[in-house]
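All heavy atoms count here, side chains included; hydrogens, waters and symmetry mates do not.
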Amino acid sequence: MKTSKIAYKPVGLALGAVSGMVAGAAFKQAWKVFGHEKDAPDATDEDRRWREVLLAAALQGALFATVKAAVDRGGAAALRRLTGTWPG
């Protein structure tokens, strides 16, 4: 395993935690716009329709994946600028 990859592990973990918080906040805001409600439905909400629950899950998954990829890519690019090597 390359040294840069090992050195990047703690940075990647920290960035992952930050990206999760950012994605969670983005999802809450997006649901307010698309769902016209304060809270998104949980899968076990008895009073919510299947369509609404699945739409919320799809939106949440798409936002989390997009934010995580952007943060991971940005962190790797920043490491390359600092050290001259790519962590992957």
Side-chain angles (χ1 to χ4, degrees):
M1 192 179 273
K2 292 171 32 177
T3 305
S4 63
K5 192 171 188 174
I6 294 170
Y8 183 72
K9 273 286 194 211
V11 174
L13 289 172
L15 288 175
V18 169
S19 68
M21 289 186 285
V22 170
F27 173 68
K28 284 183 180 186
Q29 291 301 316
W31 188 256
K32 286 179 187 176
V33 172
F34 294 118
H36 305 291
E37 296 175 5
K38 184 178 177 185
D39 294 323
D42 290 325
T44 57
D45 284 349
E46 187 176 14
D47 298 329
R48 302 289 185 112
R49 294 184 189 162
W50 275 86
R51 188 174 111 191
E52 187 179 15
V53 170
L54 296 179
L55 176 65
L59 178 61
Q60 186 176 27
L63 281 171
F64 269 83
T66 301
V67 169
K68 183 176 178 353
V71 170
D72 285 346
R73 185 70 180 196
L79 185 68
R80 176 187 263 170
R81 282 192 301 274
L82 291 172
T83 66
T85 60
W86 192 261

**OP:** Any salt bridge (Lys or Arg N to Asp or Glu O under 4.0 Å) involving residues 53-67? Give me the pairs, sequence neighbours left out, ordered by first then second residue.
**Re:**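 Residue pairs with at least one partner in residues 53-67: there are none.
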Query - Pair listing, salt bridge (Lys or Arg N to Asp or Glu O under 4.0 Å) test, anchored in residues 33-43, at least two apart - result: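 Listed once each, the pairs are Glu37-Arg48.
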With clusters built from Ile, Leu, Val, Met, Phe, Trp and Tyr whose side-chain heavy atoms come within less than 4.5 Å, directly or transitively, what are the remaining members of the cluster of Trp50, listed by chain and number?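 Members besides Trp50, by chain and number: Leu54.
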- Item | Under the side-chain hydrogen bond (donor to acceptor under 3.5 Å, both in side chains) test, residues paired with Gln29 that sit two or more places apart |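 So Gln29 forms no side-chain hydrogen bond (donor to acceptor under 3.5 Å, both in side chains) with any residue.
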Which residues satisfy the side-chain hydrogen bond (donor to acceptor under 3.5 Å, both in side chains) test with Arg80, sequence neighbours excluded?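 By the side-chain hydrogen bond (donor to acceptor under 3.5 Å, both in side chains) rule, Arg80 matches no residue at all.
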Nearest atoms (heavy-atom pairs only) where Ile6 meets Pro10: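 Smallest interatomic distance, heavy atoms only, reads O-CD, 3.7 Å.
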Query raised in the report: How close do Pro87 and Leu79 get, heavy atom to heavy atom, and via which atoms?
Result: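 Closest approach of Pro87 to Leu79: CB-CD2, 3.5 Å.
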Tell me which pairs pass side chain to side chain donor-acceptor pair (under 3.5 Å) where either residue lies in residues 56-79, with sequence neighbours left out.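 Only Lys68-Asp72 qualify under side chain to side chain donor-acceptor pair (under 3.5 Å).
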Go through the structure and list residues passing side chain to side chain contact (heavy atoms under 4.5 Å, CB included) with [X], not counting sequence neighbours.
X: Leu59; value: Phe27, Ala30, Trp31, Phe34, Leu63
X: Arg51; value: none
X: Ala69; value: none
X: Val71; value: Leu15, Ser19, Val67

* Cluster check Phe64, Val18: I/L/V/M/F/W/Y, side chain < 4.5 angstrom ->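 No, no single cluster joins them.
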